[in-house]
> 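After the structure tokens below, expect a handful of questions from me.
Each chain gets a letter, A, B and so on, in the order its sequence line appears, and its residues count up from 1. On a predicted model such as this, the values are computed, not experimentally measured, just so you know.
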Amino acid sequence: MGLSVQMAIKKNRLVIRLDGELDQSNVEELKKKVCNIIKKYSIVNLVFNFENLSFMDSTGIGFIIGRYGEIKRKGGSIVICSMNNTIKKVFNISGLKRICNVANDEVSADKILGVIA
Amino acid sequence: MKNELNISFPSKLINVQTSRAILIGFLAELDLPMSVINELKTALSEAVTNAIVHGYNNDESCVVSLYFSYDDFSIKMIVEDKGVGIENIDAAKEPLFSTKFDEERAGLGFTIMEVFTDSLQIDSVLGSGTKVTMIKNYAS
């Protein structure tokens with residue numbers, strides 16, 4: 001259990017790949033890591049790859065809304081890809097699709113950002 | 001088939017994970033579809049997080065109690081804290097309502113519990129605690 005994060009900077013975006021379970025017990029640490037990179041490299045767009053994220057509760061929704069608040073001032077966008085069915089259901093309940101794009105995988109996510117950013 | 005389990009643990013956030021692991025172990029006997037298990041895990045995670053973050057204001061020295069049970073038709077989960085209680089349950093259940101927006105809480109806890117179970121009951125007394133009872137039917 002627990003959560004590990006891998007980040008990669010690609011052209012105009014930061015790709016954040018999460019592995020494990022995201023909840024209130026590890027969100028603060030994740031937030032610190034991601035915010036550091038966003039600030040340090042003046043990141044504008046974010047891709048969240050949830051392919052290996054097996055669990056996420058509404059803590060994750062709060063986290064994404066917080067990051068959206070950071071990048072929207074710079075005109076940035078968020079794409080979330082590879083959500084499992086339960087996470088997708090949480091995502092749909094949250095209304096987050098009004099502010100985030102959804103993609104099936106990272107390649108499609110890159111394409112979306114290539115077009116809109 | 002029937003079973004039940006009572007467990008208490010300190011109000012530490014790491015125990016949000018622990019509670020999900022206990023639930024999975026407890027339900028193993030039922031051979032449930034993955035989707036049912038995942039929805040129960042998510043609902044439980046919300047309730048335990050609420051107990052610690054809201055009920056106890058992140059004070060780690062308190063106690064959260066869980067009760068799980070199942071029979072041939074349904075699964076019951078009760079999460080109880082002896083914390084501050086909820087002033088207005090109807091407001092708290094409103095989607096996107098949160099008393100802690102500055103901490104990036106989405107205000108979706110009760111909404112998720114409601115959507116992912118078949119019955120949600122919240123009993124709360126200001127100053128003495130909150131008891132959340134969730135029931136999910138699994139058999140036809």
> Can you pull out every ring pair (Phe, Tyr, Trp, His ring centres under 6.0 Å) where at least one residue sits in residues 71-91 of chain A? Sequence neighbours excluded, please.
none
> Between atom CG of A:Asn26 and atom CG of B:Leu13, what is the distance when rounded to the nearest 0.5 Å?
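Reported value, rounded in 0.5 Å steps: 9.5 Å.
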> Could you tell me which non-hydrogen atom of B:Gly109 sits nearest to which non-hydrogen atom of A:Ser58, and how far apart they are?
N-OG, 4.2 Å
> Treating Ile, Leu, Val, Met, Phe, Trp and Tyr as nodes and any side-chain heavy-atom pair under 4.5 angstrom as an edge, say whether A:Ile71 and A:Ile9 lie in one connected cluster.
yes
> At their closest point, which heavy atom of A:Met56 faces which heavy atom of B:Thr42, and how far apart are they?
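Here A:Met56 and B:Thr42 meet closest at O-CG2, 4.2 Å.
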> What residues of residues 25-40 of chain B make heavy-atom contacts with chain A at a cutoff under 4.5 angstrom?
B:Asn38, B:Glu39
> State plainly whether one hydrophobic cluster holds both A:Ile64 and A:Phe55, where clusters connect Ile, Leu, Val, Met, Phe, Trp and Tyr through side-chain heavy atoms under 4.5 angstrom apart.
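Cluster IDs for A:Ile64 and A:Phe55 differ.
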> Where on A:Asp23 is there a heavy atom nearer than 4.5 Å to chain B: the side chain, the backbone, both, or neither?
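For A:Asp23, side-chain heavy atoms alone lie under 4.5 Å from chain B.
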> Is B:Leu5 reachable from B:Val63 through a run of I, L, V, M, F, W or Y residues, each pair having side-chain heavy atoms under 4.5 Å apart?
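Result: no, two separate clusters.
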> I'd like to know whether NZ of A:Lys97 has more than 12 heavy-atom contacts from other residues, nucleotides or ligands below 6.0 angstrom.
no
> Looking at A:Lys111, I'd like to know if its NZ atom is crowded, meaning that more than 12 non-hydrogen atoms belonging to other residues, nucleotides or ligands lie closer than 6.0 Å.
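12 or below, so no.
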> Answer with yes or no whether the hydrophobic clustering places B:Ile112 together with B:Val115; edges join I, L, V, M, F, W, Y residues whose side-chain heavy atoms lie under 4.5 Å apart.
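Yes, one cluster joins them.
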> Under 4.5 Å, heavy atom to heavy atom: which of residues 76-92 of chain B reach chain A? Give them by number, or say none.
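Checking residues 76-92 of chain B against chain A gives no residue, so none.
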> Is it true that A:Ser25 and B:Gln17 share a donor-acceptor pair across their side chains at a distance under 3.5 Å?
yes
> What part of A:Asn84 gets within 4.5 angstrom of chain B, counting heavy atoms only: side chain, backbone, both, or neither?
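A:Asn84 has no heavy atom closer than 4.5 Å to chain B.
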> Would you mind reporting whether A:Gln24 and B:Val53 have side-chain heavy atoms less than 4.5 Å apart?
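SC-SC contact between B:Val53 and A:Gln24 confirmed.
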> For B:Asp72, is the CG atom crowded, meaning more than 12 foreign heavy atoms sit under 6.0 Å from it?
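Result for CG/B:Asp72: enclosed.
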> In this structure, would A:Ile80 and A:Val5 fall into the same cluster of hydrophobic residues linked by side-chain contacts under 4.5 Å?
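Yes; A:Val5 is reachable from A:Ile80 via cluster members.
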> Is B:Lys41 in contact with chain A via its backbone, its side chain, both, or neither, using a 4.5 Å heavy-atom distance?
both
> Under 4.5 Å heavy-atom distance to chain A, tell me which part of B:Ser45 shows up: side chain, backbone, both or neither.
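Contact with chain A involves both backbone and side-chain atoms of B:Ser45.
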> Tell me the residues of residues 98-107 of chain A whose non-hydrogen atoms fall below 4.5 Å from those of chain B, in number order.
none
